[in-house]
J.: 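Can you keep this structure in mind? I'll have questions shortly.
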Amino acid sequence: VIGKRCFGLIHGTAEIPVNCAACTTFLTGKPTHVELQEPHLGNRWFDVSAFPIQDGTGIVIRIVHIMRDITDRKRTQTAMRESEERFRILSEHSPIGVSLVRPDMTYEYVNPFFTHMFGYSVADIFDMNTWYEKAYPDPIYLEHVRTAWRDDFVERKGLGRMQKET
């Protein structure tokens with residue numbers, strides 16, 4: 001490997017490819033970082049960094065070339081994007097109200113049917129307290145519903161079915 005040109009070893013070419021981090025570092029004298037998919041190496045994805053080693057006058061005499069295989073990470077990211085897209089399509093066209101609530105109890109998302117059913121968008125019901133106040137304007141019934149939710153959550157450790165009145 002020592003003395004071999006990276007574009008021959010990595011890219012399988014006799015010419016310098018456009019996205020070669022090592023070649024860019026040699027030419028610019030600056031560290032370079034890229035993510036690339038390499039057909040010559042089975043279409044695997046790599047996180048590539050190159051760092052110059054300069055002589056006393058600032059001329060690049062060597063580089064440190066680091067390649068890390070990130071194919072699994074890229075596959076996971078693609079699968080996550082596809083899953084999010086499927087969820088988005090499902091929730092946007094769902095005939096039931098769907099909402100996503102963050103751990104701090106603020107609303108992240110409500111689907112169109114939720115807005116159609118209740119008349120509230122995310123802007124209208126910033127957090128769960130606002131939702132409760134709008135959905136249950138009677139303070140006595142509101143407290144009953146909050147207690148039922150709290151009890152169900154504690155009893156089932158946050159999982160499972162809620163009581164029908166919640």
Side-chain angles (χ1 to χ4, degrees), residues 1-131 134 153 156-162:
V1 175
I2 295 175
K4 300 283 184 181
R5 295 180 181 249
C6 67
F7 50 86
L9 290 171
I10 305 303
H11 307 289
T13 66
E15 301 294 321
I16 297 172
V18 176
N19 61 350
C20 180
C23 297
T24 302
T25 296
F26 260 122
L27 295 172
T28 65
K30 297 183 192 267
T32 306
H33 175 259
V34 296
E35 286 186 0
L36 60 87
Q37 189 173 21
E38 182 49 59
H40 182 67
L41 298 175
N43 272 335
R44 298 194 68 77
W45 279 91
F46 294 92
D47 179 288
V48 184
S49 297
F51 302 93
I53 298 174
Q54 301 170 332
D55 66 11
T57 64
I59 295 174
V60 177
I61 56 173
R62 290 185 186 93
I63 61 158
V64 175
H65 189 240
I66 301 169
M67 289 182 61
R68 187 169 47 122
D69 188 334
I70 57 170
T71 305
D72 289 342
R73 183 182 83 194
K74 287 291 196 176
R75 286 179 183 150
T76 300
Q77 289 171 339
T78 298
M80 180 66 89
R81 274 192 307 276
E82 290 169 356
S83 176
E84 288 170 351
E85 179 62 13
R86 283 191 306 275
F87 174 78
R88 186 193 66 73
I89 290 168
L90 177 67
S91 65
E92 290 292 312
H93 298 91
S94 179
I96 60 172
V98 176
S99 66
L100 297 177
V101 180
R102 296 180 190 97
D104 67 356
M105 302 309 278
T106 58
Y107 279 87
E108 181 174 338
Y109 168 82
V110 298
N111 74 340
F113 199 79
F114 181 100
T115 301
H116 173 74
M117 257 178 22
F118 298 110
Y120 306 125
S121 69
V122 170
D124 300 321
I125 53 168
F126 173 73
D127 61 15
M128 287 294 287
N129 286 330
T130 306
W131 160 250
K134 287 181 180 281
F153 192 79
R156 292 173 176 73
K157 297 181 173 80
L159 304 171
R161 302 178 92 167
M162 295 296 187

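All values below were derived from every heavy atom in this structure, side-chain atoms included, with hydrogens, water molecules and symmetry-related copies excluded.
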J.: Side chains of I61 and F26: closer than 4.5 Å at any heavy-atom pair?
T.: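 Heavy-atom side-chain distance check fails, nothing below 4.5 Å.
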J.: In Å, rounded to the nearest 0.5 Å, how long is the span from CG of D69 to OG1 of T71?
T.: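 The CG atom of D69 sits 3.5 Å away from the OG1 atom of T71.
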J.: Check the pair R44, Q37 against side chain to side chain contact (heavy atoms under 4.5 Å, CB included), reporting the backbone distance first and the verdict last.
T.: CA-CA 6 Å; R44 298 194 68 77; Q37 189 173 21; over 6 Å; no
J.: Quick one: CH2 on W45 to CD on Q77, what's the gap to the nearest 0.5 Å?
T.: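 Interatomic distance, W45 CH2 to Q77 CD, rounded to 0.5 Å: 9.5 Å.
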J.: Which heavy atom of A21 sits nearest a heavy atom of V34, and at what distance?
T.: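 It is CB-CG2, 4.1 Å.
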J.: How long is the gap from CG on L36 to CG on D47, to the nearest 0.5 Å?
T.: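 It comes to 9.0 Å.
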J.: Provide the closest heavy-atom pair for H33 versus S49 in the form atom of the first, atom of the second, distance.
T.: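 So the two residues come closest at CD2-OG, 3.2 Å.
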J.: Regarding T25 and T32, is there a side-chain donor-to-acceptor distance under 3.5 Å anywhere?
T.: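 Checked: T25/T32 side chains pair up, N/O donor to acceptor below 3.5 Å.
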J.: Quick check for you: to the nearest 0.5 Å, what is the distance between F46 atom CZ and K74 atom NZ?
T.: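 If I round to the nearest 0.5 Å, the distance is 13.0 Å.
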J.: Going by distance alone, is a donor N or O of one side chain under 3.5 Å from an acceptor N or O of the other, for R75 and T78?
T.: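 R75 vs T78: no donor-acceptor pair found between side chains.
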J.: With a 4.5 Å heavy-atom cut-off, do I125 and V110 have their side chains touching?
T.: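 Sidechains of V110 and I125: in contact.
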J.: Identify, with sequence neighbours excluded, every residue that meets side-chain contact (heavy atoms from CB on, under 4.5 Å) alongside L90.
T.: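 Not a single residue meets the side-chain contact (heavy atoms from CB on, under 4.5 Å) criterion with L90.
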J.: State plainly whether the residues E85 and R88 are in salt-bridge range, i.e. N to O under 4.0 Å.
T.: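 Salt bridge present between E85 and R88.
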J.: Look at the rings of F118 and W131 and say which category their plane angle falls in: under 30° parallel, 30 to 60° tilted, over 60° perpendicular.
T.: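 It falls in the perpendicular class, over 60°.
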J.: Assess whether side chain to side chain contact (heavy atoms under 4.5 Å, CB included) is satisfied between V101 and T106, documenting all intermediate values.
T.: CA-CA 6 Å; V101 180; T106 58; over 6 Å; no
J.: Do F113 and V98 come close enough that some side-chain heavy atom pair is under 4.5 Å?
T.: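 Side chain of F113 against side chain of V98, heavy atoms only: no contact under 4.5 Å found.
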J.: Given side chains that start at C-beta, do those of I66 and F51 come closer than 4.5 Å, heavy atoms only?
T.: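 Yes. Closest side-chain heavy atoms under 4.5 Å.
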J.: Within the 4.5 Å heavy-atom criterion, are H65 and V48 side-chain neighbours or not?
T.: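 The answer is yes; the side chains approach within 4.5 Å.
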J.: So, for A50 and I63, which heavy atoms are closest and what is the spacing to 0.1 Å?
T.: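 That would be CB-CD1, 4.4 Å.
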J.: Under a 4.0 Å threshold between the charged nitrogen and the carboxylate oxygen, would E35 count as salt-bridged to R73?
T.: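 Answer for the salt bridge query: yes.
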J.: Rounded at 0.5 Å granularity, tell me how far CD in E38 sits from CE in M67.
T.: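 CE of M67 is found 7.0 Å from CD of E38.
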J.: So, taking the atom named CG in L100 and the one named CG in N111, what distance separates them when rounded to the nearest 0.5 Å?
T.: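 Separation between the atoms: 9.0 Å.
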J.: Within the structure provided, determine whether K30 and P52 are in side-chain contact (heavy-atom separation under 4.5 Å).
T.: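 A side-chain contact under 4.5 Å is absent here.
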J.: Looking only at non-hydrogen atoms, find the nearest pair between V60 and G29 and report the distance.
T.: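 In this case the closest contact between V60 and G29 is CG2-CA, 3.6 Å.
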J.: Would you mind reporting whether M128 and D104 have side-chain heavy atoms less than 4.5 Å apart?
T.: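 Not touching, per the 4.5 Å side-chain cut-off.
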J.: State whether a side-chain donor-acceptor pair under 3.5 Å links S91 with Y109.
T.: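 Present: a donor and an acceptor within the cut-off.
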